[in-house]
**Student:** 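Take this structure first; my questions come after.
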Amino acid sequence: MEGKDNALQKLQRAASDPRWRIREAVAMALQMIGLFDMDWLIAIAVKWVKGNYYEQRAAVAGLCEPSLLWDKRHAGNLFKILNISTENIVDSEDRGSDGFQVLKKGLGYCWSVAVAAYPDEGKVAMERWLESNNSDIRWIIKQNLNKKRLRMTDSEWVRKMQDKLNSSPLVMNDN
């Protein structure tokens with residue numbers, strides 16, 4: 001919390017640790033930073049979302065903690081970061097890697113946390129991804145639409161989005 005650059009560098013390296021518990025500890029450490037200074041956490045996430053899949057997962061998981069998402073002025077940055085990371089899923093040529101799967105699973109819950117916190121901004125941002133025929137993106141959206149937190153936020157919207165998702169064509173990814 002004192003802004004030690006070397007500690008942040010260690011956290012970033014640990015985000016790619018092969019052990020799940022270490023990677024989860026990094027996300028939790030980022031959440032602690034967010035409790036201390038959400039603007040600082042967003043600045044970290046903006047950098048990490050340009051990194052490898054593990055770093056991206058740590059960034060989005062660090063941000064998508066309900067206790068951090070109460071100030072509307074952070075909504076725009078949160079959805080920009082989620083969109084960048086989701087776009088990286090679409091553009092991936094490495095779908096079989098562990099890092100890709102970790103990020104995909106992280107995005108499979110992060111969107112619903114963000115949309116539940118900021119429904120006005122979030123529903124619009126998430127709806128953009130309903131147009132994708134990418135099977136990984138569709139999996140991510142489907143997972144999020146199945147979350148109770150979203151149904152509690154707007155069950156009618158969730159039903160409409162599920163219907164739309166189920167009615168649009170699916171194209172299998174080549175990679």
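Position 1 is the first residue of the sequence; numbering continues from there.
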**Student:** Find the distance between OG1 (Thr86) and CG (Asp91) and round it off to the nearest 0.5 Å.
**Tutor:**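 Between atom OG1 of Thr86 and atom CG of Asp91 there are 11.0 Å.
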**Student:** Does any pair with a residue in residues 122-135 pass salt bridge (charged side-chain N to carboxylate O under 4.0 Å, His left out), and if so which ones, sequence neighbours excluded?
**Tutor:** Glu87-Arg128, Lys123-Asp154, Glu131-Lys164
**Student:** Where is the tightest heavy-atom contact between Val113 and Cys64, given as atom of each residue plus distance?
**Tutor:** CG1-O, 3.4 Å
**Student:** What distance do Ile84 atom CD1 and Gln56 atom CD have between them, rounded to the nearest 0.5 Å?
**Tutor:** 9.0 Å
**Student:** Treat each ILVMFWY residue as a node, draw an edge where side-chain heavy atoms are under 4.5 Å apart, and state whether Leu63 and Met28 are in one component.
**Tutor:** no
**Student:** Trp129 and Asn134: side-chain donor and acceptor closer than 3.5 Å?
**Tutor:**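 There is no such pair between these side chains.
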**Student:** Atom NZ of residue position Lys80 - does it have more than 12 heavy atoms of other residues, nucleotides or ligands inside 6.0 Å?
**Tutor:** no
**Student:** How about Val46 and Asn77: do any of their side-chain heavy atoms sit closer than 4.5 Å?
**Tutor:**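 With C-beta onward as the side chain, the pair stays apart.
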**Student:** Side chain of Ser112, backbone of Tyr109: donor and acceptor closer than 3.5 Å?
**Tutor:**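 Confirmed, Ser112 side chain pairs with Tyr109 backbone.
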**Student:** Are Arg149 and Asn144 close enough that some pair of their side-chain heavy atoms sits under 4.5 Å apart?
**Tutor:**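 The answer is no; the side chains never approach within 4.5 Å.
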**Student:** Closest approach of Trp48 and Ala58, non-hydrogen atoms and distance?
**Tutor:** CZ3-CB, 3.8 Å
**Student:** Taking all atoms of both residues into account, what is the closest heavy-atom pair of Ile81 and Ala45, and its distance?
**Tutor:**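 Answer, listing the atom of Ile81 first, then Ala45: CD1-CB, 3.7 Å.
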**Student:** Does the side chain of Lys105 reach to within under 4.5 Å of the side chain of Trp139, using non-hydrogen atoms?
**Tutor:**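 Lys105 reaches Trp139 side chain to side chain.
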**Student:** Quick one: do Val158 and Val124 end up in the same hydrophobic cluster if we chain Ile, Leu, Val, Met, Phe, Trp and Tyr together by side-chain heavy atoms under 4.5 Å apart?
**Tutor:**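 Unlinked, Val158 and Val124 end up in two clusters.
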**Student:** Determine whether Val60 and Leu107 make a side-chain contact, defined as any pair of heavy atoms from C-beta on separated by less than 4.5 Å.
**Tutor:**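 Counting from C-beta outward, Val60 and Leu107 do come under 4.5 Å.
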**Student:** Is there a chain of hydrophobic side chains (I, L, V, M, F, W, Y, each step under 4.5 Å between heavy atoms) that links Leu35 to Val26?
**Tutor:** yes
**Student:** Keeping Arg13 on the side-chain end and Leu8 on the backbone end, is there a donor-acceptor pair under 3.5 Å?
**Tutor:**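 Absent.
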**Student:** Using the rule given for salt bridge (charged side-chain N to carboxylate O under 4.0 Å, His left out), can you reason through Asp17 versus Arg23, listing the C-alpha separation, both sets of side-chain angles and the distance that settles it, and then say yes or no?
**Tutor:** CA-CA 6 Å; Asp17 192 281; Arg23 294 192 310 259; over 6 Å; no
**Student:** Taking all non-hydrogen atoms of both residues into account, name the closest pair between Leu68 and Gly62 and its distance.
**Tutor:** CD1-O, 3.3 Å
**Student:** Please walk me through it: do Glu156 and Arg159 pass salt bridge (charged side-chain N to carboxylate O under 4.0 Å, His left out)?
**Tutor:** CA-CA 5 Å; Glu156 182 62 20; Arg159 187 192 55 74; 2.4 Å; yes
**Student:** Under 4.0 Å between a Lys/Arg side-chain N and an Asp/Glu carboxylate O for Glu24 and Arg19?
**Tutor:**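 Here Glu24 does not pair with Arg19 in a salt bridge, since their nearest N and O are not under 4.0 Å apart.
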**Student:** Using side-chain heavy atoms (C-beta onward) and a distance below 4.5 Å, is Met152 in contact with Lys147?
**Tutor:**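 Met152 vs Lys147: side chains apart.
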**Student:** Let me confirm one number: the CG-CZ distance from Leu145 to Arg151, rounded to the nearest 0.5 Å.
**Tutor:** 10.0 Å
**Student:** As an exercise, state the distance from CD of Glu65 to CE of Met38, rounded to the nearest 0.5 Å.
**Tutor:** 10.0 Å
**Student:** Other members of the hydrophobic cluster containing Val102, with the 4.5 Å side-chain heavy-atom rule, please.
**Tutor:** Tyr54
**Student:** Could you verify whether a donor N or O on one side chain and an acceptor N or O on the other, from Ser92 and Tyr53, lie under 3.5 Å apart?
**Tutor:** yes
**Student:** Which atom names give the shortest non-hydrogen contact between Ala117 and Leu69, and what distance separates them?
**Tutor:**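 Where Ala117 meets Leu69 most closely, the heavy atoms are CB-CB, 3.5 Å.
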**Student:** Show the nearest heavy-atom pair for residues Trp111 and Ile140, with the distance to one decimal.
**Tutor:** CD1-CG2, 4.1 Å
**Student:** To the nearest 0.5 Å, how far apart are NZ in Lys72 and OH in Tyr118?
**Tutor:**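 Atom-to-atom, Lys72:NZ and Tyr118:OH are 8.0 Å apart.
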**Student:** For residues Leu30 and Gln12, determine if any side-chain heavy atom of one lies less than 4.5 Å from a side-chain heavy atom of the other.
**Tutor:** no
**Student:** With side-chain contact (heavy atoms from CB on, under 4.5 Å) as the criterion, how do Arg73 and Asp39 come out once you've worked through the C-alpha distance, each side chain's angles and the decisive distance to 0.1 Å?
**Tutor:** CA-CA 10 Å; Arg73 62 187 178 94; Asp39 292 321; 3.6 Å; yes
**Student:** Using the rule that Ile, Leu, Val, Met, Phe, Trp and Tyr join whenever any side-chain heavy atoms are under 4.5 Å apart, tell me whether Phe36 and Leu78 fall into a single cluster.
**Tutor:** yes
**Student:** Which value, rounded to the nearest 0.5 Å, describes the distance between Ile137 atom CD1 and Ser132 atom OG?
**Tutor:**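 One gets 5.5 Å once the value is rounded to the nearest 0.5 Å.
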**Student:** Is any side-chain heavy atom of Val115 closer than 4.5 Å to a side-chain heavy atom of Glu121?
**Tutor:**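 They are not in contact (no side-chain heavy atoms under 4.5 Å apart), so the answer is no.
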